[in-house]
Amino acid sequence: MTVAASAPTRTSRFDRYLRGQSAVLGVIAASALVVLMLATVIDVIVRFFARASVPGMIEVAESALVASVFLGLAWTSMQGGHVAVSIVTDRLRPVLARAVSVVVWVLNAGLLAWMTYASVMRALQATALNETRFGLVQWPVWPLRWVIAVGLGLWLVVAIANVVRTIRGRAAYGEDAEPTVDA
């Protein structure tokens, strides 16, 4: 599938900032995925030879999983990596398709605002209680609550920026990316 090259657009300071912040969190998320893989491999190898798990390795893997998922959300959205179905909007007139996109982004931003608020409230509570997971190793959970809140918060900023971009007639972040078709 080919797409006509769009005219180069000037990027604002806000665009550069948002792309930079989402990229930083995306790199941290990718690094956390590597940590998750290494923790799992190490635990499997040790368990094979020693018939016992490495203490704390499950907690490390769980923490890395949370970081890899939530810190990568904004970057994935900026890259157009989330699932998008345009079967309806492709068949609409451009003005109506844009109106539908605005409504969808407003709903998305509303849901993300609620999720971010709930996550921040839960993170504050967990921090105040010094929430800890008890297993073979005592593992602090409260920092992960903040990872979730930060990841959702930046994704919310991307969604709000997409509302503004769509209202102004610009493509949402990631919509101008080259579409891929799986056979």
Side-chain angles (χ1 to χ4, degrees), residues 1 15-85 107-162 172-183:
M1 176 182 272
D15 285 340
R16 288 189 302 273
Y17 176 79
L18 192 55
R19 289 184 191 280
Q21 292 303 309
S22 65
V24 166
L25 292 186
V27 168
I28 295 170
S31 301
L33 199 56
V34 171
V35 169
L36 171 64
M37 185 241 356
L38 289 173
T40 304
V41 168
I42 290 168
D43 198 45
V44 166
I45 290 171
V46 169
R47 189 177 299 172
F48 178 78
F49 289 111
R51 303 283 187 236
S53 192
V54 177
M57 202 57 75
I58 290 174
E59 290 80 4
V60 168
E62 289 172 345
S63 299
L65 181 61
V66 169
S68 68
V69 169
F70 286 94
L71 295 180
L73 290 172
W75 181 82
T76 303
S77 187
M78 294 289 287
Q79 300 300 314
H82 292 292
V83 174
V85 179
L107 292 172
N108 186 12
L111 179 64
L112 287 172
W114 171 72
M115 291 171 64
T116 302
Y117 173 78
S119 296
V120 168
M121 292 296 106
R122 184 65 179 101
L124 287 168
Q125 182 184 38
T127 303
L129 297 173
N130 195 23
E131 186 178 6
T132 306
R133 180 179 185 271
F134 292 94
L136 291 176
V137 174
Q138 285 188 2
W139 194 261
V141 175
W142 64 267
L144 299 175
R145 303 280 187 197
W146 285 108
V147 166
I148 294 168
V150 166
L152 288 174
L154 189 59
W155 196 17
L156 169 61
V157 173
V158 172
I160 292 170
N162 281 337
Y173 290 115
E175 286 182 2
D176 51 358
E178 182 74 23
T180 57
V181 178
D182 295 332

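For residues 134-151, the set of pairs meeting the salt bridge (Lys or Arg N to Asp or Glu O under 4.0 Å) definition, not counting sequence neighbours, comprises Glu131-Arg145. Pairs passing the ring-ring contact (aromatic ring centres under 6.0 Å, His included) check and including a residue from residues 42-81, sequence neighbours excluded, do not occur. Residue pairs meeting the ring-ring contact (aromatic ring centres under 6.0 Å, His included) criterion with at least one member in residues 139-161, sequence neighbours excluded: His82-Trp155.
Distance OG/Ser77 to CG/Leu112: 8.5 Å, rounded to 0.5 Å.
In this structure Arg133 satisfies the salt bridge (charged side-chain N to carboxylate O under 4.0 Å, His left out) test together with Glu59, Glu62, sequence neighbours excluded. Every residue two or more places apart in sequence or in another chain that forms a side-chain hydrogen bond (donor to acceptor under 3.5 Å, both in side chains) with Gln125 is listed here: Arg122.
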Under 3.5 Å donor-acceptor pairs involving side-chain atoms of residues 25-42, not counting sequence neighbours:
{"from": "Ser31", "atom 1": "OG", "to": "Val27", "atom 2": "O", "distance (Å)": "2.9"}
{"from": "Thr40", "atom 1": "OG1", "to": "Leu36", "atom 2": "O", "distance (Å)": "2.8"}

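The nearest pair of heavy atoms linking Ala52 to Val46 is O-CG1, 3.6 Å. Of all the heavy atoms in Ala109 and Leu156, the pair that sits closest is O-CD1, 3.3 Å. Here the shortest heavy-atom pairing between Ile148 and Ser119 reads CG2-OG, 3.7 Å.
Side-chain contact between Leu154 and Leu18 is present, with at least one heavy-atom pair separated by less than 4.5 Å. Counting heavy atoms from C-beta outward, Leu73 and Leu152 have side chains that approach closer than 4.5 Å.
No donor-acceptor distance shorter than 3.5 angstrom exists from the side chain of Asp43 to the backbone of Ser53, with no hydrogens or angles considered.
More than 12 heavy atoms of other residues, nucleotides or ligands sit less than 6.0 Å from atom CG of Leu65.
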